[in-house]
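One structure is given below, encoded as structure tokens.
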Amino acid sequence: EKSAEGPTKKKVVAVVGGGLVGALNACYFAKRGFEVELFETREDIRQAKIVKGRSINLALSHRGREALKHVGMEEKITSQGIPMHARMIHSPSGKQSTIPYGKKGQYILSVDRANLNKQLLTEAETYPNTNLNFGHKLQDWSAETGLMTFVRSDGSEDQIQADLIVGCDGAFSAIRKQFTRRSRFNYSQTYIPHGYMELTMPPINGEFAMKPNYLHIWPRNTFMMIALPNLDKTFTCTLFMPFDDFEKITTGDEVVEFFQKYFSDTIPLIGLDALKRDYFRLPGLPMVSIKCSPYHIGDKCVLMGDAAHAVVPFYGQGMNAGFEDCIVFDEVMDQFNEDFSAVLPEYTRVRVPDDHAIADLAMYNYIEMRAHVNSTWFLFRKHVDNFLHFLMPKTIIPLYTMVTFTRTRYHKAVERWHWQDKVINRGLLFSATGAVLGCSYLLIKNPPDINKLILPAEKLWSRVVALRT
Ligand code: FAD
């Protein structure tokens with residue numbers, strides 16, 4: 001068993017929600033020596049046979065890893081992740097091409113959501129000052145007294161009082177509901193027109209059906225499919241598509257026809273029968289983006305993770321941002337000597353602009369991933385950015401690199417991205433203008449023999465006329 005750093009303080013911190021962020025946060029507060037009570041609606045997922053939940057696997061990157069490192073969990077988790085060094089773009093004809101995520105050696109990791117959640121709960125439990133309460137659904141709570149009422153799985157009620165309540169109860173947070181009743185609380189929620197559906201690609205002869213160290217993408221402009229590798233050599237394919245389009249497909253044959261048209265290379269890999277069956281197993285699931293502010297009430301309650309900022313999943317940052325919330329809160333705790341009345345407002349002040357920035361970036365990537373990657377200009381600009389980053393690693397840093405491989409504050413990354421974009425586009429314009437002027441100058445200085453140009457031009461013209469008649 002682990003002991004908390006220093007003597008156990010008597011203050012009680014209630015973490016509501018034992019998902020990814022709640023379980024990690026319990027470790028953070030336990031490490032500081034608080035009495036931690038975690039409450040989770042679901043039964044203990046380590047005992048449950050079927051774990052209901054969202055995506056099967058997730059992309060873990062630098063911010064998430066740093067947060068895990070702080071509680072000694074980085075190695076345990078990354079050793080069970082699969083590195084993805086680049087995107088593998090699948091064209092409609094089945095041609096594959098790669099776009100690296102960053103420099104050589106930089107990668108994101110595909111990790112299993114259920115396993116990550118289980119390991120974090122187990123880690124939280126190793127602190128003697130932590131208590132995990134499963135089958136406890138928060139029903140009501142008071143921001144004045146910190147008194148919470150939970151309903152147990154058997155219908156009975158449980159009440160506890162805490163000095164600090166940490167709302168980590170996800171996008172549909174019951175804790176946040178109290179915030180919305182208070183004045184000067186800003187809140188916005190947007191459902192995007194797309195839904196998502198997960199399909200499994202099994203191994204072939206015991207091996208991955210596609211190259212494993214890539215995040216596979218089939219961008220088709222208005223919709224797309226992605227696939228992430230799992231340790232059991234399967235891939236989880238996620239189809240993102242407008243709900244209207246999901247609903248248009250009503251029979252197994254229509255599924256096959258649709259896949260034949262847009263993702264033909266995946267049909268033999270997923271399997272015809274599995275495809276016809278699995279498409280109808282669950283309907284397309286919704287995706288929501290939620291922004292709010294402030295993240296705290298007085299010195300009693302603070303929101304973190306999806307409860308504070310649900311983002312659409314196209315930057316692979318939802319969990320990473322939620323994990324980073326834990327580090328930022330911890331840093332502010334150090335700064336203000338664990339005085340909740342100073343820590344909570346400061347946390348809101350520093351964190352809101354960053355979480356809002358990643359929510360906006362995720363929305364932006366919603367278009368970039370399915371449409372821009374098909375554009376020649378976009379790919380050209382990616383190469384230019386990467387080349388300039390190689391030449392001037394401290395001056396030009398691609399946006400994706402700042403977001404995924406550094407802890408640059410999200411809103412600073414956005415500001416820098418806009419600045420770099422302006423500078424690079426101006427540079428390209430100057431270079432193009434310079435090239436045109438240079439060529440013109442050379443042509444004027446050394447005019448070519450006009451007769452040599454007239455003859456081919458005449459030939460070309462007669463061909464055009466012949467073709468048109
Ligand atoms: P949750 O994981 O939602 O956990 C909340 C917990 O609170 C749950 O266990 C719930 O049972 C519990 N709870 C709810 N209400 C109550 C209550 N009243 N009382 C007690 N307990 C309660 N992020 C990434 O970083 N990388 C990715 O690649 C990525 N891919 C994604 C793909 C998809 C399709 C989706 C939908 C999301 C993806 N995300 C990704 C985002 C990521 O899943 C979330 O950001 C992350 O799960 C947030 O964790 P959380 O703990 O805040 O919330």
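Reckoned from all heavy atoms, side chains included, excluding hydrogens, waters and symmetry mates.
Rounding to the nearest 0.5 Å places CG of N133 at 4.5 Å from CZ of F39. A distance of 12.0 Å separates CE in M225 from CD in E198, rounded to the nearest 0.5 Å. With rounding to the nearest 0.5 angstrom, the CD1 atom of I297 is 9.5 Å from the OG atom of S142.
Ion pairing of K10 with D163 is absent here, as no side-chain N (NZ or NE/NH1/NH2) approaches a carboxylate O to less than 4.0 Å. Taking the charged nitrogens against the carboxylate oxygens, E338 and K11 have no contact shorter than 4.0 Å, which rules out a salt bridge. A salt bridge links E66 and K69; the closest N-O separation between the charged side-chain nitrogens and carboxylate oxygens is under 4.0 Å. Here D385 does not pair with K382 in a salt bridge; the nearest charged N to carboxylate O distance is not below 4.0 Å.
Legend: residues meeting ring pair (Phe, Tyr, Trp, His ring centres under 6.0 Å) with Y191, ordered by chain and number and at least two apart, are absent. The side chain to side chain contact (heavy atoms under 4.5 Å, CB included) test applied to P353 returns R409, H411, not counting sequence neighbours. Applying the salt bridge (charged side-chain N to carboxylate O under 4.0 Å, His left out) criterion to D339, with sequence neighbours excluded, gives no partner residue. Not counting sequence neighbours, the partners of A321 by the side chain to side chain contact (heavy atoms under 4.5 Å, CB included) test are H309, R351, D355, I358, Y410. Legend: residues meeting side chain to side chain contact (heavy atoms under 4.5 Å, CB included) with H356, ordered by chain and number and at least two apart, are K291, S293, Y295, V352. Take S188 and apply the side chain to side chain donor-acceptor pair (under 3.5 Å) test, not counting sequence neighbours, and it matches no residue. By the side chain to side chain contact (heavy atoms under 4.5 Å, CB included) test, T98 pairs with A86, M88, Y214, sequence neighbours left out.
Ring planes of F223 and Y262: perpendicular class, angle over 60° (limits at 30 and 60°).
Between H62 and F405, the distance separating the two ring centers is not shorter than 6.0 angstrom. Ring pair F235/F208: centre-to-centre distance below 6.0 Å. F314 and Y364 have their aromatic ring centers separated by at least 6.0 angstrom.
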Test side chain to side chain donor-acceptor pair (under 3.5 Å) applied to N131 and E37, step by step: CA-CA 5 Å; N131 201 12; E37 294 285 341; 3.2 Å; yes

Taking it one step at a time, do C27 and M73 satisfy side-chain contact (heavy atoms from CB on, under 4.5 Å)? CA-CA 10 Å; C27 299; M73 289 295 287; 5.7 Å; no

Please test R407 against E331 for salt bridge (Lys or Arg N to Asp or Glu O under 4.0 Å), starting from the C-alpha separation and ending with a verdict. CA-CA 13 Å; R407 273 203 61 214; E331 288 165 352; 3.2 Å; yes

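Heavy-atom minimum distance, V21 versus C168: CG1-SG, 4.1 Å. Pairing each heavy atom of V312 with each of S289, the nearest pair is CG1-CB, 4.3 Å. Contact between I270 and C237 at its shortest, heavy atoms only, is CD1-SG, 4.4 Å.
With hydrogens and angles left out, the side-chain atoms of T408 and R416 include no donor and acceptor closer than 3.5 Å. Judged by distance alone, the side chains of Q317 and S61 do bring a donor and an acceptor atom under 3.5 Å apart.
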Kindly list each side-chain donor-acceptor pair under 3.5 angstrom involving residues 387-404, sequence neighbours excluded, with atom names and distances?
unit_1, atom_1, unit_2, atom_2, d
H389, ND1, I396, O, 2.7
T404, OG1, Y400, O, 2.9

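In this structure, the side chain of D140 does not engage the main chain of T149 through any donor-acceptor pair within 3.5 Å.
The side-chain hydrogen bond (donor to acceptor under 3.5 Å, both in side chains) contacts involving residues 217-231 comprise N57-N230, H90-W218, W218-D265, N221-N374, N230-T234, N230-T236, where partners must be two or more places apart or lie in separate chains. A salt bridge (Lys or Arg N to Asp or Glu O under 4.0 Å) check over residues 235-247, counting only residues at least two apart or in different chains, returns the pairs D245-K248. The salt bridge (Lys or Arg N to Asp or Glu O under 4.0 Å) analysis of residues 165-185, with sequence neighbours excluded, yields the pairs E144-R182. Judged as a ring-ring contact (aromatic ring centres under 6.0 Å, His included), the pairs with a partner in residues 326-351 (not counting sequence neighbours) are, in order, F29-F329, F34-F340, F329-Y347.
In this structure, K137 places its NZ atom where only 12 or fewer heavy-atom neighbours from other residues, nucleotides or ligands lie under 6.0 Å away.
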